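Here is the structure we will look at, set down as C-alpha cells.
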Amino acid sequence: MTKEVLLSLRGLQFDNGSVDADKIETITPAEYYKRDDSHYVIYEEATEGFDESTKNIIKFKRNSLDLTKKGLVNVHMSFEKNKKNLTSYATPYGEILIGIDARSIRLGEEEERIVVDVDYALEINYEHFADCKIRMDIRSKESGGFSLQGE
C-alpha cells in the first residue's frame, strides 16, 4: 500500500427502534502507513462554518480501532470488541460523555486496499443513543477512485 491514499468513510446510524438509517459518506485524501502490526491513517477534516480544521488519526489492527481527533473537535475514541469504552467528546458547543460498545471489528487486507467494518452501540451520557456501523475503505491513489453509490 502506498503512503498517499484515498479514504472512504461510510457511516450508518440506526436510532432506537428505527429500521431506517441515517447515512453519511465522505471521501478524502489521506496518509497511510503501517508500523509493526498496526495500521495508521491520517487526514484533515473541515467543519462547515469554522476556519479551524480537525486532524484525525486512525490506528487499527485485527480487533481494535482508535480514533483521535485534535483541533476544532477533540476526542480519543477506542473501539475494542466486546468492551465498552467511555470518553469525553469536546466540540465547539461543549463536551459530552460518550460510550462505545463495539460488537464486531472486521479487517480485510489486500495489496492496494484495506477495508475495516465496525459495528457498535453508541451511548450519550450513559443512555443508549443509536446502533452504528462504520465502513472505512482505504485505497492507494493509483488503484482508482470510489463511487458514492457504493460497490
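Remember, it's a predicted structure, so these values are computed and weren't measured experimentally.
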I need the [X] [atom1] to [Y] [atom2] distance, nearest 0.5 Å.
| X | Y | atom1 | atom2 | value |
| --- | --- | --- | --- | --- |
| D37 | K61 | CG | NZ | 5.0 Å |
| N63 | K81 | CG | NZ | 6.5 Å |
| I98 | Y89 | CD1 | OH | 6.5 Å |

Check [Y] with [X], please: is the shortest side-chain N to carboxylate O separation under 4.0 Å?
| X | Y | value |
| --- | --- | --- |
| E45 | K69 | yes |
| E109 | K34 | yes |
| D119 | R103 | yes |
| D137 | R113 | yes |

Measure from the side-chain N and O atoms of D101 to the backbone N and O of Y120, and report whether any donor-acceptor pair falls under 3.5 Å. no
Polar side-chain atom of S140 near backbone of E142 as donor-acceptor pair, under 3.5 Å: no
Derivation and outcome, side chain to side chain donor-acceptor pair (under 3.5 Å), residues E80 and N85: CA-CA 8 Å; E80 296 175 273; N85 290 294; 3.2 Å; yes
Is it true that Y32 and Y40 have ring centroids separated by less than 6.0 Å? no
Neighbour count above 12 (heavy atom, 6.0 Å) for D51 CG: no
If you draw a 6.0 Å radius around CD1 in I24, do more than 12 non-hydrogen atoms from other residues or ligands fall strictly inside? no
Using only heavy-atom distances, determine whether the side chains of S88 and E95 contain a donor-acceptor pair under 3.5 Å. yes
Minimum-distance pair of heavy atoms, taken over all atoms of E52 and L72: OE2-N, 3.3 Å
Are K55 and I42 close enough that some pair of their side-chain heavy atoms sits under 4.5 Å apart? yes
Residue pair L107, I114: steps toward the side-chain contact (heavy atoms from CB on, under 4.5 Å) verdict: CA-CA 7 Å; L107 173 63; I114 298 171; 3.5 Å; yes
Please test I58 against M136 for side-chain contact (heavy atoms from CB on, under 4.5 Å), starting from the C-alpha separation and ending with a verdict. CA-CA 10 Å; I58 303 170; M136 186 170 62; 3.6 Å; yes
